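Report on the following structure.
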Number of protein chains: 2
Amino acid sequence: MKKQGLPENITADDVAAAAGVSRWTVNRAFKRDASISPKTREKVMKAATEMGYLPDLRAASLASDRSNLAALLIDDFANPHKLVMLERITRIMRKRGWDSLLVNTLDRADAGSALLNASQRRVDATILIGIQFDDEVLSAAQSARRFRKLIIFARTSNSPDTISIAVDDEAATTEIAHYVESKGYKRPLYLAGPRTYSAHLRRKETFCCFWKERQNYAPEVFSVSKYDPMLSSEIVRQALCNRPKDTLPDIIVCENDALAIGAIDTIRHTLKLRVPEDIAVIGFDDVPLAETLNYRLTTYRQPITEMAEYLVDVLESEQDTNLDKTFLGQLVVRDTA
Amino acid sequence: MKKQGLPENITADDVAAAAGVSRWTVNRAFKRDASISPKTREKVMKAATEMGYLPDLRAASLASDRSNLAALLIDDFANPHKLVMLERITRIMRKRGWDSLLVNTLDRADAGSALLNASQRRVDATILIGIQFDDEVLSAAQSARRFRKLIIFARTSNSPDTISIAVDDEAATTEIAHYVESKGYKRPLYLAGPRTYSAHLRRKETFCCFWKERQNYAPEVFSVSKYDPMLSSEIVRQALCNRPKDTLPDIIVCENDALAIGAIDTIRHTLKLRVPEDIAVIGFDDVPLAETLNYRLTTYRQPITEMAEYLVDVLESEQDTNLDKTFLGQLVVRDTA
DNA sequence: CAAAAAAATGCACGCGTGTGCAAAAACAGT
DNA sequence: ACTGTTTTTGCACACGCGTGCATTTTTTTG
C-alpha cells in the first residue's frame with residue numbers, strides 16, 4: 001500500500017523545511033492556544049496539508065506524558081445496555097478529544113491482565129464498565145501503580161483509590177418501589193443479577209428493605225448469574241413454571257432490562273400468561289429494545305449522556321480525590337407495569 | 001493517586017540497575033524469542049516484577065514502527081449485530097496480542113476525520129465495521145497515506161487499496177432464496193437496508209435476480225434508511241397497514257436481523273397477524289435476540305469467529321495484496337419461516 | 001522615534017524503547 | 001589448553017515530539 005515517490009514518514013521536520021520555519025513552529029501550529037502568529041500558522045498548515053502531515057501522537061504522548069487516551073474495560077457483552085454505554089461514552093469522549101482503547105475482558109481471572117495491558121499503553125485513565133472487577137483486581141491494579149485514574153462507571157465502589165460514576169441506586173429503586181406499591185401490587189418478585197464485591201449495585205437490598213419496612217414481609221428473590229435475557233428466561237421458567245396460579249407473583253421487579261426482557265418472554269411464551277394483566281414487569285436502564293412495540297417496558301432511565309459528560313470532566317480534572325458522583329434518572333412508564 | 005516513596009516512572013534502566021545488567025538485556029527479557037539466557041531472563045523478570053515494571057508500548061511503537069494496535073471504526077450502534085462483531089473481534093485480537101482503538105464515527109461527514117484520528121495514533125491497521133464509508137472517504141484515507149492496512153469487515157468492497165473480509169453474500173442469499181422457494185412462498189417482500197457505495201452488500205440484488213429468473217417476476221422491495229428495529233417497524237407499517245389481506249406478502253426477507261425483528265413486531269402488534277402463519281420472516285446475522293423465545297427467528301449465521309481469526313491473520317500478514325476473503329455461513333431454521 | 005513591553009520563534013535536552021552490529025562470554029571438539 | 005563456533009550481552013543511534021528558556025521580532029507607549 002506504499003505510494004511510490006512519496007516519503008514514507010512525513011515528520012514535522014519535513015513540513016518545517018517546506019514552510020521555511022523551525023520544527024517547533026510546525027508543532028506549535030497544531031497546538032491550540034500555542035504562542036504563534038496567525039499567518040505563520042496558516043503557512044505551516046498549508047504546507048502540512050499538502051504533504052499530508054499530522055503529528056504523531058505516540059511521540060507527543062511520550063514527550064508530554066499525557067496521551068488523551070483512556071482504556072475502556074468491558075466484560076459483559078450480553079447485556080444490551082453495555083452497547084448503549086459504549087456508544088455514548090466513545091461518542092462524547094471523541095467529541096471532546098479523547099480516544100478510547102477498548103479492552104474486552106474475557107473473565108474474572110483475565111481482568112487483572114487486561115488492566116496491565118492498558119497500563120502498558122500508558123493511558124491517562126482506565127474506565128471499568130463491567131461486573132467482574134473485585135477487590136483483588138482493584139488492589140492489584142493499584143499496586144501496579146501506573147494508573148493515573150481508575151474510574152468505575154455505572155456502579156458504585158467504596159474503594160478510596162477509585163472514582164465511581166453511577167446513578168443513585170437507592171433513590172432510583174425507592175422510586176420504583178413507591179410506584180410498585182402505589183399500583184397496588186402485592187406479591188413482587190425481585191429478579192437480581194450476579195452479586196459482586198467491590199463494585200456493586202444497591203438495588204436488590206434497597207427494594208427488599210423498602211418492602212419489608214412498608215409491607216411487613218420480604219419479597220421473593222431470584223438471582224441470575226449473568227445479565228443475559230436467555231439466562232433470565234430460563235431462571236424465571238424454573239422459578240415459576242410449576243406453581244399454582246395464585247402463588248405466582250403479580251409483578252417481577254428486575255435489576256435491569258436484560259433480565260426483564262427474558263422474564264417477559266418466559267411469561268408470554270412459556271407460561272402463556274399476559275403482561276401486565278397476569279404478571280407485570282419492571283426493568284432498569286431503558287435499553288432501545290424497551291421502547292419497541294413488542295416490549296413497551298416500564299423501566300428506569302439512567303442519564304447516560306450526562307454521566308458520560310461528567311466522565312470526561314473527570315478525565316480532564318486535575319484533582320484526584322472526591323470525584324465520585326451519583327446521578328438521578330427517571331422512571332419511564334410504558335405498558336408492562 | 002501517586003504512591004509516596006515510589007518512583008513515578010520505572011523504566012528499563014531502573015530494572016537494569018537493580019538486576020545488574022544493561023538496559024537492552026532488560027528489554028530482551030520481555031521479548032519473545034529474543035536472544036537471552038534463561039537465567040538472565042529470570043533474574044531480570046524477578047527484579048521487574050518487584051519494581052512493577054512493564055515496558056512502555058508507546059516508546060516501543062515509536063522505535064519499532066509497529067504498534068500492535070488496530071483502530072476499529074463503527075458508526076451503527078443501533079444494529080445489535082455490531083455488538084456481536086465488536087465482542088468477537090476485540091476478544092480474538094486481544095487473545096492474539098492486539099489492542100483495539102475504538103472510534104465511534106458520528107456520521108458520514110465524520111468518517112474521514114475519524115480515520116485521520118486513528119492515523120495519528122499510527123495504528124498498524126484500520127478496520128471499518130460500518131456502513132457510512134463511501135468512495136470519498138476511502139480515497140481521502142488513501143491519499144492521507146499513513147494507513148498500513150485498511151480492512152473492511154463484514155462488507156465487500158472493490159477498492160484495490162482495501163482488504164475486505166465478509167460472508168459470500170451471493171451464496172448466502174441464494175441459499176435463502178432456495179429455501180424460500182422450496183417452502184412454497186409466492187409473494188416475497190424484500191426489506192433492504194441503506195444503500196451504500198464503495199462497501200456494500202449484494203443481498204437485495206442477488207435475491208431479486210434469483211426470483212425474477214426462477215419465478216418470472218420481481219419481488220416487491222422496501223428500504224429502511226438505518227439498521228434499526230424501530231425504524232424497520234415503522235417502514236413495514238407504512239408499507240402494509242392499509243392493504244387488503246390478499247395483497248400482503250406471505251414472507252418478508254430481511255437484509256438483516258435488526259430489520260427482521262422490527263418487521264415481526266409490526267406484524268404481530270400493529271397488523272395483529274401471526275408469524276409465520278400469516279406472514280413469515282427471515283433474517284440475516286443470527287443475533288443473540290434471534291434465538292430468544294420471543295422471536296425464534298429463521299436467519300443466516302455469519303461465521304464471525306472464523307472471520308475475526310482471519311482478520312488477525314491479515315493484521316499479522318506481511319503481504320499487502322490479495323488478502324480479500326469471503327466466508328460461508330449457515331442457514332439457521334427456527335420458527336419464523 | 002526610541003525605549004519598553006509583548007509576542008513569536010528557535011533550540012538543547014529529554015521521553016523510553018528497538019535495531020543492527022560489535023564485543024564478550026560460554027561452549028564444543030581435539 | 002587451544003582454537004573455532006555459537007550464544008549472550010553491550011552500545012551508538014534513531015524514532016518524533018514537548019518543555020522551558022533564550023533569542024529575535026513585532027507592537028505599544030510616552
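Computation of the quantities below employed the complete heavy-atom set of this structure, encompassing side-chain atoms and omitting hydrogens, waters and symmetry-equivalent molecules. So that the names make sense, note that chain A is the first sequence line, chain B the second, and so on, each numbered from 1. The structure displayed is predicted, hence computed values, not measured ones.
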Distance in angstrom units between A/Ile36 CD1 and C/dA7 C1', rounded:
12 Å
Any A/Leu128 side-chain heavy atom under 4.5 Å of A/Ile151 side chain:
no
Between B/Arg66 (CZ) and D/dC15 (P), how many Å, whole number?
18 Å
Are B/Val21 and B/Thr40 close enough that some pair of their side-chain heavy atoms sits under 4.5 Å apart?
yes
With a 3.5 Å cut-off and no angle check, do the side chains of B/Asn68 and B/Asp99 form a donor-acceptor pair?
no
Should A/Ser37 be listed as having a side-chain N or O under 4.0 Å from OP1 or OP2 of C/dT9?
yes
So for the helix from C/dC1-D/dG30 to C/dT30-D/dA1, with five pairs setting each end axis, what is the inter-axis angle to 10°?
20°
Rounded to the nearest angstrom, tell me the gap between atom CZ in A/Phe30 and atom P in D/dG16.
15 Å
Specify the separation, in whole Å, of atom CG of A/Asp65 and atom C1' of D/dG16.
16 Å
Does atom CD of A/Glu316 have more than 12 heavy-atom neighbours from other groups under 6.0 Å away?
yes
Rounded to the nearest angstrom, tell me the gap between atom CZ in A/Arg32 and atom C1' in D/dG18.
16 Å
Separation of B/Gln120 atom CD from D/dG16 atom P, in whole Å?
15 Å
Can you tell me how far apart CZ (B/Arg88) and CG (B/Leu86) are? Round to the nearest 0.5 Å.
11.0 Å
For A/Asp65 and A/Arg122, run salt bridge (Lys or Arg N to Asp or Glu O under 4.0 Å): C-alpha distance rounded to whole Å, both residues' side-chain angles, the deciding distance at 0.1 Å, then the answer.
CA-CA 8 Å; A/Asp65 207 33; A/Arg122 303 296 189 261; over 6 Å; no
Can you check each nucleotide of nucleotides 16-27 of chain C against protein heavy atoms at under 4.0 Å and return B for base, S for sugar-phosphate only, - for none, in 5' to 3' order?
BBBBB-------
Does A/Thr40 have a side-chain nitrogen or oxygen under 4.0 Å from the phosphate oxygens OP1 or OP2 of C/dT9?
yes
